[in-house]
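Structure, as C-alpha cells:
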Amino acid sequence: MKSLINTLPLGTELNEKEGVQNHPMLAPHGGNLTPATLATGLTRQDFLDFSVNINPLGPPDCVQDICSRSIDFLGEYPDPDYGELKKVVADAVGVSTDWIAMGNGSTELIYLLPHLIAPGKEAVIVSPCFSEYERAFRQADISVRHFTLDPSDNFNLPVDQFLFQLRQYPDLGGIVIGSPNNPTGNLLAEDAFRTLSVYCEKRGIFLIVDETFIDFASPQRSFIKHIATARHLILIRSMTKFYSLPGLRLGFAIMNPESVRKLEAHQPPWSVNGLAKAIGMALVMDKKYCEQTRYFIQREKNFLYENLQKISAIEVFPSDANFILFRLLAENEDKAKHFFEAFLFQGIVLRNCANFVGLDHSFFRLAVRSRKDNRLFLSKAGKYFHSISG
Ligand SMILES: Cc1ncc(COP(=O)(O)O)c(C=O)c1O
C-alpha cells in the first residue's frame, strides 16, 4: 500500500482504496467525517472535528425537550406558509413577517436566489466564499465572476477597486459577499457596505450578504438596519451553525416582501418540517444561550488566536466568527498534505481551503472548540512544527 505522501511522521498510511481524488483533505465542505474514517480506519468517535464551524456548546437544552415530544410535531403536515415560525423569527430580528423567507437550511434559499435574477444576467462572488453560491448560480445558467480578496490586506474589501471592476460588467444581476465571511472570518466594514449598497440600488443589482455567522460576532453588526431602505439587499441567515443543529436544516432570508413572494413561488411546499418549526420557534427565544455562546466563543477564539500567533511557521488571520483561518508559510502542496495527514492520523480533522476560489493548499480553517480541545490542537501543532524544523 502506497501513501499519498512518503514522509508521514506517524508511520501510518492512508487506505489505498481511497485514492487521491477522495483524499479527505479535498472534501468539498467541513464536517464530513466519512472520508476521514475511510482513509484512516479510525471511527467517527476517534476524531475531534476542527473542520466543521458549528457552536461547540452543542444545541440549547430546549432542543432535547422538544425532541422527546417529536412525535407531536410529525403527525401532521406543517403549515406551508410557516406563519407562526416567521412571526417569531421576524420579531427576533426586528422586521415584519412578510420580509422573511424560511428554508430547509439557508442552502435551500441560496439555491432559490437565481429566480430573482433576470435571465442573461451574471453574478459576482466576492471570494473566497461559501462554494454553494457558485453552484447554485451555475446550475441556473447564471454566469459567475469572482472578485478575489487579498490575504495581505486581511481579506478586506477594497471597495473603490471593486466598484471599478463592477463597472466593467453591464449585465450584472447579483453580488454575493459574506459577513462574517466563511472562511476568512471577517466582517464587511459599515462604510464599504454603504458605498456598495448605494451602487447596487442605483443599478438594480441584488446585494446578497451571507450573515450565517453574524450571531457569533454581534447582531448589531448585521446590515439588517438597512433592509427597509435598500430594496435590493438580501440577508442570508442560518440556524444550523449558531445553534449547533446542522442535521435539522433550518435557515431564513430577509429581503423586501416582493422578493420574498418571487422566491417562495419556486419553493417546494413543506420544506421546513414540523419538528424544525417547533425547534426553530424555541431557539430564537433562548437569549441566554446566545449570550453564553458569544462569551464562550470570544474567550476561546482569543485564546486560540493568541497562541496560534506564537507559531512562526504560520500566518494567522483575525476573525469575527467562530473559526480562524491560517496559512502555512514556506508551503507546497506536499507539505500541506503532510501537515493535514499528521493531524488526521492523530484523530484531528482540519478544513483545508484549497477548494475555495482565491485560496490554495496552504490555507486551513480551524473551528473554535472547547479549551481542552483547543489546547490539544495547540500542543500537537507545537510538536509538529518543532519536529519538521528540527
Ligand atoms: C457561509 C455559509 N452560508 C450558508 C451555509 C449553509 O448553511 P445551512 O444550509 O446549514 O443553513 C454555510 C454552511 O456551511 C456557510 O458556511
Side-chain angles (χ1 to χ4, degrees), residues 27-33 49-56 59 63 82 85 89 93 100-114 123 125-137 146 149 155 174-188 207-217 221-223 234-255 263 267-268 271-273 276-277 279-280 283-284 297 319-325 349-353 355-359 363-368:
H29 293 293
N32 180 0
L33 289 181
D49 190 0
F50 281 87
S51 78
V52 70
N53 40 19
I54 63 167
N55 190 337
V63 175
Y82 316 122
L85 177 58
V89 169
V93 297
I100 301 284
M102 297 302 310
N104 186 272
S106 57
T107 301
E108 185 193 19
L109 300 164
I110 292 170
Y111 276 79
L112 291 170
L113 287 173
I125 299 180
V126 179
S127 297
C129 183
F130 182 51
S131 59
E132 296 301 333
Y133 285 97
E134 177 163 1
R135 280 191 74 214
F137 285 127
H146 291 275
L149 300 170
F155 300 99
I175 295 171
V176 179
I177 186 163
S179 182
N181 187 32
N182 175 16
T184 60
N186 55 350
L187 285 158
L188 175 61
L207 177 57
I208 300 154
V209 184
D210 185 305
E211 291 193 338
T212 291
F213 295 96
I214 195 70
D215 291 323
F216 290 106
R221 295 296 303 271
S222 165
F223 296 115
I234 298 177
L235 303 176
I236 299 291
R237 298 280 190 95
S238 172
M239 296 175 79
T240 68
K241 311 286 185 187
F242 190 76
Y243 296 103
S244 199
L245 290 165
L248 186 71
R249 314 306 305 130
L250 190 59
F252 62 99
I254 311 158
M255 64 188 95
L263 187 131
Q267 187 175 31
S271 284
V272 177
N273 68 69
K277 175 201 154 185
I279 292 177
L283 294 179
V284 283
I297 291 292
S319 167
D320 293 297
N322 57 325
F323 49 82
I324 294 175
L325 185 72
V349 186
L350 304 173
R351 172 67 160 105
N352 182 265
C353 296
N355 61 358
F356 280 95
V357 171
L359 301 182
F363 288 86
F364 287 85
R365 191 189 68 201
L366 187 71
V368 175

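Both counts, for ligands and for their atoms, begin at 1 and track the order of listing. The first residue in the sequence is number 1, and the count goes up from there.
- Residues that satisfy the ring pair (Phe, Tyr, Trp, His ring centres under 6.0 Å) test with Phe213, not counting sequence neighbours, are Phe323.
- Using a distance-only test at 3.5 Å, with no hydrogens or angles considered, no donor-acceptor pair links the side chain of Ser319 to the main chain of Ile324.
- Side-chain contact, Asn182 with Arg365: a donor N or O sits under 3.5 Å from an acceptor N or O.
- With sequence neighbours excluded, the residues that form a ring pair (Phe, Tyr, Trp, His ring centres under 6.0 Å) with Phe130 are His29.
- Within 4.0 Å of ligand 1, heavy atoms belong to protein residues Gly105, Ser106, Thr107, Ile110, Phe130, Asn182, Asp210, Thr212, Phe213, Ser238, Thr240, Lys241, Arg249.
- Applying the ring pair (Phe, Tyr, Trp, His ring centres under 6.0 Å) rule to Phe50 yields the partners Phe377; only residues at least two apart in sequence or on another chain are considered.
- Listed for the Tyr82 side chain is a donor-acceptor partner under 3.5 Å among the backbone atoms of Ser271.
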